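Take a look at the structure below.
Below, read A as the first sequence line, B as the second, and so on, with proteins coming before strands; counting in each chain starts at 1. As the structure is a computational prediction, the values presented were derived from the model and not from experiment.
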Protein chains: 2
Amino acid sequence: MVRKTKEEADLTRRQIIDAARRVFLECGVSHTTLEKVAAAAGVTRGAVYWHFRNKTELFFAMREQAILPFIDRVVFDEADEDPLQGIGTALQEIIHILEDQVATRETFEIISFKCEYVRELTPMMYCTDGQLTFLTQLTDAYRRAARKGVLRPGPTPEDLAHDTFLFVGGLIKHWLAGRPDERFRTDAVALIRTHIALRRA
Amino acid sequence: MVRKTKEEADLTRRQIIDAARRVFLECGVSHTTLEKVAAAAGVTRGAVYWHFRNKTELFFAMREQAILPFIDRVVFDEADEDPLQGIGTALQEIIHILEDQVATRETFEIISFKCEYVRELTPMMYCTDGQLTFLTQLTDAYRRAARKGVLRPGPTPEDLAHDTFLFVGGLIKHWLAGRPDERFRTDAVALIRTHIALRRA
DNA sequence: GTTTATACATTCAAGAATGTATGTAAAGGC
DNA sequence: GCCTTTACATACATTCTTGAATGTATAAAC
């Protein structure tokens with residue numbers, strides 16, 4: 001076998017991750033064989049085992065890549081003129097990411113529907129750090145909105161943040177599921193607008 | 001082997017389903033072997049194959065049992081004095097079912113976190129008929145609430161129903177996940193109350 | 001009272017899937 | 001120009017898992 005350069009090896013690694021995503025999506029993580037992944041990537045199992053210790057490590061590598069877009073695209077601007085509008089924009093941005101980042105969308109579909117949370121994956125079943133951070137940022141944004149007086153009286157910023165957090169969880173799930181009830185995908189923008197409007201004074 | 005009576009055979013069948021639920025929960029559906037199920041039920045694989053054609057059929061049998069409590073416990077009274085309150089009560093009842101029907105809760109945990117939606121299970125990934133029915137009932141209840149004038153102006157009953165539907169989806173998921181962020185379980189009642197209060201005029 | 005169908009247990013053959021061990025040829029350091 | 005390491009491919013041994021085939025004793029039907 002021809003030994004590859006570092007750059008070529010890195011390309012191989014990415015191709016394996018891409019192939020894994022395709023196979024995970026079609027077969028589910030459990031029924032995905034490293035043989036299938038290797039075949040889909042155009043390499044042998046030897047290559048897969050060279051880059052990743054096992055299927056779990058490959059899974060986490062795929063997952064890490066998919067989270068990246070959220071880190072710099074879903075932001076809450078502290079200096080926002082209208083924090084409530086800012087929350088709406090952040091939620092819309094989540095949907096936009098799912099729309100135009102194919103790899104991220106597919107990975108989320110795998111995480112949501114094609115993966116069993118047992119043994120070493122059990123911790124992923126709970127709120128991940130990223131989700132808890134999101135909840136914190138939501139709460140802070142609602143607090144700013146409360147201080148600006150744009151919220152309808154009654155519920156606390158914490159209450160509102162939790163309600164929005166659960167809404168987003170449900171929205172992502174149903175957006176990903178898509179067919180046969182496509183309305184959650186086509187109407188996502190309107191649903192978010194309504195959700196935000198309910199909070200305004 | 002001693003041939004069992006019909007009643008004994010039916011008991012065996014239920015014991016197999018109970019055992020399956022335990023094993024599914026611990027190992028995930030994919031990594032559940034009919035051998036493991038048989039051992040947990042105190043029978044051999046022969047018994048399992050007698051009652052169920054394969055693992056999928058066993059899975060559906062388990063699922064069917066778990067849905068039953070919802071059919072007669074989650075209801076929307078059309079003659080309700082305060083339909084908005086009625087919606088709140090229905091949502092609370094969902095949580096109550098999860099709290100006191102162990103088998104149902106465990107089955108929902110399996111469906112949500114210990115199962116991969118591929119091949120013959122793919123349809124289950126989408127909104128099930130039961131969920132769509134629930135959405136319809138929600139919408140009708142909100143329409144009644146609108147007619148009674150108890151809703152805050154702005155969003156349509158359809159908008160509100162969708163928002164609530166997504167909220168419930170997120171709530172159930174996070175309620176089931178539980179640890180390490182238990183708040184969604186302990187505060188479920190309050191979260192529902194807030195959610196409903198946001199809608200009142 | 002005989003027959004038949006039931007409710008399982010046991011055994012078997014065959015096919016995955018995994019991890020590891022080994023082979024190998026070229027890249028890259030000195 | 002040699003040596004070591006890299007980046008894989010190939011081969012192997014082992015361990016599940018499954019479905020089906022077969023065995024069997026009794027309950028139930030007549």
Length of the line joining [X]:[atom1] and [N]:[atom2], which is rounded to integer Å:
X      : N       : atom1 : atom2 : answer
E7(A)  : dA7(D)  : CD    : C1'   : 13 Å
E35(A) : dA16(C) : CD    : C1'   : 11 Å
E8(A)  : dA25(C) : CD    : C1'   : 14 Å

Hey, does [Y] have a side-chain heavy atom less than 4.5 Å from the side chain of [X]?
X       : Y       : answer
R152(B) : R152(A) : yes
R183(B) : E158(A) : no
F167(A) : L198(A) : no
T107(A) : Q65(A)  : no
M62(B)  : I110(B) : yes

Using 4.0 Å as the upper bound for N to carboxylate O, is an ion pair formed by [Y] and [X]?
X       : Y       : value
R143(A) : D140(A) : yes
R13(B)  : D10(B)  : no
K148(B) : D80(B)  : no
D77(B)  : R144(B) : no

Checklist line | side chain to side chain contact (heavy atoms under 4.5 Å, CB included) evaluation trace for Q15(A) with V43(A) | finding: CA-CA 9 Å; Q15(A) 284 172 338; V43(A) 295; 5.7 Å; no

Check: If an axis is fit to five pairs at each end of the helix from dG1(C)-dC30(D) to dC30(C)-dG1(D), what is the angle between the two, to the nearest 10°?
Finding: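 Terminal axis comparison yields 20°.
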
Margin query: Contact list please: residues 9-20 of chain A against DNA chain D, heavy atoms, distance less than 4.0 Å, in numerical order.
Written below: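 Result for residues 9-20 of chain A: A9(A), T12(A), sorted by number.
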
Check: For DNA chain D, whose closest nucleotide is more 5', that of V43(A) or that of S30(B)?
Finding: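 Result of the comparison: V43(A).
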
Note to self: Nearest to the side chain of T44(B), heavy atoms from C-beta on, is which of dA9(C), dA27(C), dC8(D)?
What the structure shows: dA9(C)

Next item on the list: Look at the side chain of K6(A) and decide which nucleotide, out of dA9(D), dA9(C), dA7(D), has an atom nearest to it.
Entry: dA7(D)

Considering only nitrogen or oxygen atoms on both sides, find all protein atoms under 3.5 Å from nucleotides 19-21 of chain D and state each distance.
| from | atom 1 | to | atom 2 | distance (Å) |
| --- | --- | --- | --- | --- |
| dG19(D) | OP2 | Y49(B) | OH | 2.4 |
| dG19(D) | N7 | R45(B) | NH2 | 2.5 |
| dG19(D) | O6 | R45(B) | NH2 | 3.2 |

Notebook entry, point to check: What about the rings of F165(A) and F184(B), do their centers lie closer together than 6.0 Å?
Noted result: yes

Margin query: When you measure from the side-chain N and O atoms of H51(B) to the phosphate of dC8(C), is any distance below 4.0 Å, counting only OP1 and OP2?
Written below: yes

Note to self: It should be established whether W50(B) places a side-chain nitrogen or oxygen under 4.0 Å from OP1 or OP2 of nucleotide dC8(C).
What the structure shows: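 No, because none of the side-chain N or O atoms of W50(B) sits under 4.0 Å from OP1 or OP2 of dC8(C).
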
Margin query: Classify T33(A) by what it touches in the nucleic acid, base, sugar-phosphate, or nothing, heavy-atom distance under 4.0 Å.
Written below: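 Sugar-phosphate, no base atom in range.
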
